[in-house]
Every structure is written in C-alpha cells, then in structure tokens.
There are 2 protein chains.
Amino acid sequence: MLKYQDVAKKIQQAIYQQNLPKGTQLPNIEGLIQQYQVSRTTIIKALNRLERHGVIYQIQGSGIFVRQPKKQGYLNFLESHGFSVDLNDLPGSSQVFNVDVMQPNVKVKEYLQCEDDEYVYYIKRLRLVEGKVYGFEQSYYRKKIVSYLNKEIAENSIFSYVKDICKVNIGFSDKYFKAIKLDEDIAPYLGLNAGDPALCVEEIFYTSSGEPFDFSQIIYHYDNAKFFVQSHSK
Amino acid sequence: MLKYQDVAKKIQQAIYQQNLPKGTQLPNIEGLIQQYQVSRTTIIKALNRLERHGVIYQIQGSGIFVRQPKKQGYLNFLESHGFSVDLNDLPGSSQVFNVDVMQPNVKVKEYLQCEDDEYVYYIKRLRLVEGKVYGFEQSYYRKKIVSYLNKEIAENSIFSYVKDICKVNIGFSDKYFKAIKLDEDIAPYLGLNAGDPALCVEEIFYTSSGEPFDFSQIIYHYDNAKFFVQSHSK
DNA sequence: GAGTGGTCTAGACCACCGG
DNA sequence: CGGTGGTCTAGACCACTCA
C-alpha cells in the first residue's frame, strides 16, 4: 500500500467513524505530519486526493475542512463502476440474462479497438439497488484481456473479479451520456413504457496501460437512478 | 501564473496545435524537464493535471501518450459551467427572460446556506448552442457575493464576469442529475411536449473559501445536449 | 537490464486568511 | 502580523514495461 493512499484512507476513516459534520476543521498539516509520521509532501498528496473525491476542502491560509456529505440516494457517477474504493455503498445485485462469447459488431469493435479476429464476452443484465430496478446494462469485455467470465461472476461484481482475479489494473474511463426516449424493446426491462425517459450512459474502461477492455451501455430508470459528481478547479 | 499550470498549458497547446493523434508518445520526463526548465516534480504535477483532464495518459515504465480526442458534439460535463480553461468550445449564446433580485425560497436558501435576511439574483434563461436550444436554466446567485448582475451579463458568461470582474475564486462544485419527464410548463421552452424526456441537472458552485454562491437548475434538451466525462483512478 | 514513470523526503519560499 | 495551505526544488529510490 502506498503511503499517500494509506494516509488518505486513514484520514477519511477518521472523518466517517467520528461522523464529523461538514465544516469541521481538521488538524493542520504540521499536525498531520506528526500524526502519520510522513513527509509534508505525502500529506499534501493525500489531502489533494481526498479533496478531489469530495471528502474535504482546503482553504489556503485558513485550514482543512470536512466537505458536505453526499446527498442521500444519489450514486457517485464517477465511482459507479470502476473506481469505488470505499464503503457505505448501497446494497446492489444483478439479474443476469446471458453471458456469451461472440465477435463484436462494428461499433463495439471500434470502441474496444479490437483486432479483426478478436472475441468479446457479451453480458446482458438488470442492475438492482435495494430491490428496485436501477438500470439495464449491456456490456462487452475483450476476451484477450478478461479471459473468462460466467453467470455467477456477472451476478456479483465483474469489476472486482477483473481487478482481483484477472489482475487487470484499471486506469481510466470515458463516459458519454444523455437523456433518451425508451423504445419498446428496452422499456419492459425497466418496468416502463415506450416513450418514457431514461438516462443512457456509454462507458469505455481502459487498463492502466491504456488498452480498452470494457464497453458498456447502461439505460437507467428515470425515477430510480440519480447521480452526483463532485468537481474541483485545482 | 503558476509554473505547473503554465507547463500544463504549453504541453496541451503543443498537442492541439500539432494535432497529434491519439497514442502519440510525448518526450519523456527528462526531456520535458530540459524543454521547460523546471524541476521533475513540477513536470509531474503538470502531467497529472493533464491526465485528470483527459488530455494524456501515462504508463509507468513505458511513456506518456496523447489520449483519445473528445467525441464530436459532446460537452465536457465537468467543465460545462465553471472550470473551462480552454479553447475549442462550441459557440453558445443565451436568451435571457429575467434578472431579478428576490429572497430565496426554502430550497434555494438551504442549498446556498443563506442567512435569513439575504437576497439572491434569480435568472431565467435559455441556453443555445449553434442556434439550437440546449437547455433551460434557472439560477440563483447570492447578492452578498455577486453584488451586481444585469441582462447583458447574463446574455454572455456569468461565470467569466463573476471570476474576472467580481474577483470571486471558484473552488469546487456539486452536481446532481437524473432523467425526468418534462412538464407542460417547461416543455415549450425547449420546443418539446409534456412527457418528453430531459436531463435535469442541479449544480451548486462554491468559492475557493468554501462558500456556496450559485445554485442552478438546468433542464437539457434530450436530443441536443450530450455530455462526456473523463475519469481516472489515480 | 535499460529506460521510464511514480513515490517519498527535507527544506526553502510564496500566497492567502483572519485577527 | 502569525498561522496556514501551496509551490517548487534536487535528489534518492521504487515499480513497471519491454526488448
């Protein structure tokens, strides 16, 4: 475990465990250096990480403060698939329709930058949160990188499996999204009618060596799925 | 101008001006140190910044590469209001309906953490991009922080005005969003019908000293407004 | 194993906030 | 003005990729 990640984790845990309200001032940098016995730079790196993740904010000349807690019921959009490190997520499950190996169509092939003779896993599943239908997902994984998948894995977290078992390091992602009108093929999955609204998200995930390995299209239920993003100018 | 920001800007400009295709390898860190005459740490800070903004990606043991250019027609969700630093944005304009001073309602008051006797500017406007209706925005600015606004300012960029003229430093933001069904009050603004889909985004912007100064609700046209977000695990 | 990015350190100095 | 966070430096060492 890297030091700055470790320190960041510990500071975050301290905040959550003590249930510190927003605006609470943390010890200054000198204090944190003493507490965690690392260099100033390492503390700063940890703090910047927490700041980017919306846990704290720093004010030059003033101090370090606990930031607004996440609004209830909203999902962190950036961490909704890959980068979740933390706890306090809602209990989710998946209803898997199929896990097939196939050759990608033109669109998928381009997104995943596949060779001509490559195969991909095609998974269709319904995502549920607290028993409510959250979204309908169709995803494609390059067999070259994720060599094996099955229904059981897809019922749980594919990403945990990919990270922990396949030892794939996840690097970065692109997400594209917009509101759409549901068509009659997909609406029934969500228990909605054709013409109803939905949020359509297309995601491409890359390994840390820059290779795309997952393309997913997720159609989110317009009433059940709500998201937030925290952003920072630094 | 801070050195690392300056270096980041120059590297980014070099990429765009030479129109380097995705995957192009940049000089190694040693080379960049020589080129820009700053320390290793400063180069790394600049590179990390560019990486977070989706301009490049770095692979340990391998090199620094140009990342996928943004998909045409999609707006950077995180930079769509406050943090835009760059060029190549689409030409936008606004049709302003009103700029009023009023006392905030309960919801706005809470979001903006207003005192009991505070006033806010209330602005209603239609956002257009390339002549097409993009979204319908209702926004509130705390008079305490943004002491003056008028129609002309609202027709251009309120954020530029707030930053450059009011000397407000923008720190961070929270955005909440979901798909909704348009009601009959708002649909006409977008040239759509009640029941049509839309993307509803609520944003709160904070100054760099942690005070909220702007709350906005924007209803985006489901066909005209498309967004992307680039994310990184580091 | 050579080359490359990533982490970590100690310490100097700068920029900002608030009394 | 004192205290606080932010930047920048030089340099050591670690971790990864790829031929």
Side-chain angles (χ1 to χ4, degrees), chain A residues 1-11 23-52 55-67 145 167-172 206-211 232-234, chain B residues 1-11 23-52 55-67 145 167-172 206-211 232-234:
Chain A
M1 173 71 92
L2 297 170
K3 280 196 187 177
Y4 77 92
Q5 285 181 3
D6 193 45
V7 171
K9 200 170 120 188
K10 283 177 178 160
I11 294 174
T24 307
Q25 185 161 6
L26 299 183
N28 67 16
I29 291 182
E30 191 50 45
L32 295 170
I33 290 172
Q34 295 306 320
Q35 187 171 346
Y36 296 105
Q37 292 292 314
V38 294
S39 78
R40 186 181 162 85
T41 317
T42 302
I43 291 288
I44 288 175
K45 205 166 177 183
L47 291 174
N48 286 339
R49 193 183 170 79
L50 290 174
E51 193 168 39
R52 280 204 307 279
V55 178
I56 60 163
Y57 58 94
Q58 302 175 80
I59 304 174
Q60 186 168 154
S62 181
I64 305 158
F65 303 89
V66 175
R67 192 164 164 188
I145 296 171
K167 304 292 181 199
V168 172
N169 290 313
I170 297 169
F172 50 92
Y206 300 81
T207 67
S208 60
S209 55
E211 278 189 313
H232 209 288
S233 59
K234 262 198 297 223
Chain B
M1 175 69 93
L2 297 169
K3 278 196 188 177
Y4 78 91
Q5 286 180 3
D6 192 45
V7 170
K9 201 170 118 189
K10 282 177 178 161
I11 294 174
T24 307
Q25 184 161 5
L26 298 183
N28 68 14
I29 291 184
E30 192 50 46
L32 295 170
I33 289 171
Q34 295 305 323
Q35 187 170 347
Y36 296 104
Q37 291 293 312
V38 293
S39 78
R40 186 179 162 85
T41 316
T42 302
I43 291 288
I44 287 175
K45 205 165 177 183
L47 291 174
N48 286 339
R49 194 183 169 80
L50 291 174
E51 192 166 39
R52 280 205 306 280
V55 178
I56 59 163
Y57 58 94
Q58 302 175 78
I59 304 174
Q60 187 169 154
S62 180
I64 306 159
F65 304 88
V66 176
R67 193 163 162 189
I145 296 172
K167 303 292 182 201
V168 171
N169 290 312
I170 297 167
F172 49 92
Y206 301 80
T207 67
S208 59
S209 55
E211 277 189 313
H232 208 287
S233 59
K234 262 197 298 223

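Since the model is a prediction, treat every value here as computed from it, not as a measurement. We name chains A, B, ... by the order of the sequence lines, and we start the count at 1 in each one.
Distance, B:Met1 CE to D:dG6 C1': 16 Å, rounded to whole Å. In this entry the distance linking CG of B:Leu50 with P of C:dG6 reads 13 Å, nearest Å. If you take OH of B:Tyr4 and C1' of D:dG5, they are 12 Å apart, rounded to a whole angstrom. The distance between atom CD1 of A:Ile11 and atom P of D:dG5, rounded to the nearest whole Å, is 11 Å. When the C1' atom of D:dC8 is taken as reference, atom OH of B:Tyr36 falls 18 Å away, rounded to whole Å. Here the P atom of nucleotide D:dC14 and the CD atom of A:Gln5 are 18 Å apart, to the nearest Å. The CD-C1' distance, from B:Glu51 to C:dT4, rounds to 14 Å in whole Å. Rounded to an integer number of Å, the gap from OH of A:Tyr57 to P of D:dT4 is 17 Å.
In terms of the salt bridge (Lys or Arg N to Asp or Glu O under 4.0 Å) criterion, B:Glu30 has no residue partners (sequence neighbours excluded). Residues meeting the side chain to side chain contact (heavy atoms under 4.5 Å, CB included) test with B:Gln35, sequence neighbours left out: B:Pro27, B:Leu32. In terms of the side chain to side chain donor-acceptor pair (under 3.5 Å) criterion, A:Thr24 has no residue partners (sequence neighbours excluded). Taking A:Lys45 as the reference, A:Tyr4 meet the side chain to side chain contact (heavy atoms under 4.5 Å, CB included) condition, with sequence neighbours excluded. Every residue two or more places apart in sequence or in another chain was checked for a side chain to side chain donor-acceptor pair (under 3.5 Å) with B:Ser208, and none qualifies.
Between B:Ile43 and B:Val38, the closest side-chain pair of non-hydrogen atoms falls below 4.5 Å.
At D:dG6, one or more side-chain N or O atoms of A:Gln58 fall inside 4.0 Å of OP1 or OP2 (strictly under the cut-off). For A:Lys45 and C:dT7, the shortest distance from a side-chain N or O to OP1 or OP2 is below 4.0 Å.
Atoms OH and CD1, on A:Tyr206 and B:Ile59 in that order, are 12.0 Å from each other to the nearest 0.5 Å.
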| request: Could you run through nucleotides 9-19 of chain C and give me one letter per nucleotide, 5' to 3': B if any protein heavy atom sits under 4.0 Å from the base, S if only the sugar-phosphate is that close, - if neither? | output: BB----BBB--

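The residue B:Ile64 sits close only to the backbone: its heavy atoms come under 4.0 Å of sugar-phosphate atoms, none of a base.
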